[in-house]
Amino acid sequence: MTAPALLQLFVESQAALEATAAPLSVEDFVVQAMEDASPVKWHLAHVAWFFETFVLAAASTGYQAFDPRYRFLFNSYYEAVGDRHPRPDRGLLSRPTVEEVRRYRRHVGEAMVRLLEGPALPPAPAFAVELGVNHAEQHQELIATDVKVVLARNPLRPVYLPRPARAPAVPVELAWVSQEGGLLEVGHAGDAFAFDNERPRHRTFLEPFQIANRLITNAEYLEFMEAGGYEQPTLWLSDGWAARQRLGWEAPMYWERAEGGGWEVASLHGSGKVEPLEPVCHVSFYEADAYARWKGVRLPLEQEWEAAVARQGPPRAGRWSPHPEPLAGSPAAGEIAQAFGAAWQWTQSPYVPYPGFRSFDGAFGEYNGKFMSNQLVLRGSSCVTPPRHARVTYRNFFRPDARWQFTGIRLARDAR
Ligand SMILES: [Fe+2]
């Protein structure tokens, strides 16, 4: 990537990050509603910390740290960088203030612009900048995801952004797209940016299969609930049933029983009735798996998902939106709709290294590789993923009981 392109990428990613936080009040920036969800202020500071630690401090350009104590405070999980403030205590940090974090971000941002306006960077620091931009995009998504927990826990149900007017959605019948399978290739190839976990491109064998042409809707998921899906242990994996019992699940996260019957849902648009044709969102892997079993089908393998979606070419940049929207119309014959920009799709594949996997060098080796146990792969992207960030080969990963991410359901089945 050329130096001006890198500079533009950096500037745009920082503006997008700030824009995601812009609708919030300063009080919203500090709360940590659950252990997994970090405060907005922490996300903003941590993104600057990444550039400061891995680009500016490493570039030996005489950069002066804004505050050396932030190295400890805003380190997420990098053992190579040293100790860190405990994740569950991020919401206890009333200091530095939001204003101080803004000054920190300006300090880092200006130093980054000076660096990127200078002579072209050697490959290693240039890569660190590009990784930093992709890292910022991940935290842009997390700001929306994590602050949703904060706002939904508030009985006043604050509105992050009002729901835009849109034409009424029309039901779209679920159709199965047949795929031949066979020996084919998955994984990222070429020089364009990708995370280490997407490489190398390699062969895999798939039996013939079919994949659903759209995501499961709220109305369809409600049928599962009304058929007693949450009360039938035989539909659930053993660990899933234990989680359902322990956590008292009876609906997706953010759903609540409405006073006059039916269900309401808390979203970044405030509180409202469950919209039947929106994709179901905020379900765990266990719920997605139980739903699939109830339908007599299954979740896709990550390789099946990629092989099927790759035929459609790269993701078409959609619109960033704080809430997943219904399909605007029927997919064309054979089209796999809502692959990107609605909800992440659980696969049944464990998050493990590809054959021949090599982690990034140095501290960046901690970025993805060390999380390759006890998590499942999600494919696609969600409405709160920056559109530029989506890739056919992208491998997101979460624990099977995680529900606070924008996660939905796409079904698959064996060819018959
Ligand atoms: Fe991070």
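Just follow the structure's listing: the first ligand is 1, and inside any ligand the first atom is 1. All values below were derived from every heavy atom in this structure, side-chain atoms included, with hydrogens, water molecules and symmetry-related copies excluded. Index from 1, following the sequence.
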(request) Please indicate whether R103 has more than 12 foreign heavy atoms, meaning atoms of other residues, nucleotides or ligands, lying under 6.0 Å from its CZ. (result) yes

(message) Counting only heavy atoms not in Q64 (residues, nucleotides, ligands), do more than 12 fall under 6.0 Å from its CD?
(response) no

Which pairs would a plain distance check flag for residues 9-17, meaning a side-chain donor or acceptor within less than 3.5 Å of a matching protein atom at least two apart in sequence or in another chain?
residue : atom : partner : partner atom : Å
E12     : OE2  : Q8      : NE2          : 2.8
S13     : OG   : L9      : O            : 3.3
S13     : OG   : F10     : O            : 2.9
Q14     : OE1  : R105    : NH2          : 2.9

(request) Return the set of protein N, O or S atoms whose distance to the Fe ion (ligand 1) is under 2.8 Å, each given as residue and atom. (result) H46 NE2, H135 NE2, H139 NE2

(request) Just jot down the side-chain hydrogen bond (donor to acceptor under 3.5 Å, both in side chains) partners of Y230, sequence neighbours excluded, or say none. (result) Y221, E287

(message) Holding to side-chain hydrogen bond (donor to acceptor under 3.5 Å, both in side chains), I want the full list of residues that pass it with D28, two or more places apart in sequence or in another chain.
(response) none

(message) Donor-acceptor pair, distance only, cut-off 3.5 Å: does the side chain of H389 make one with the backbone of S381?
(response) no

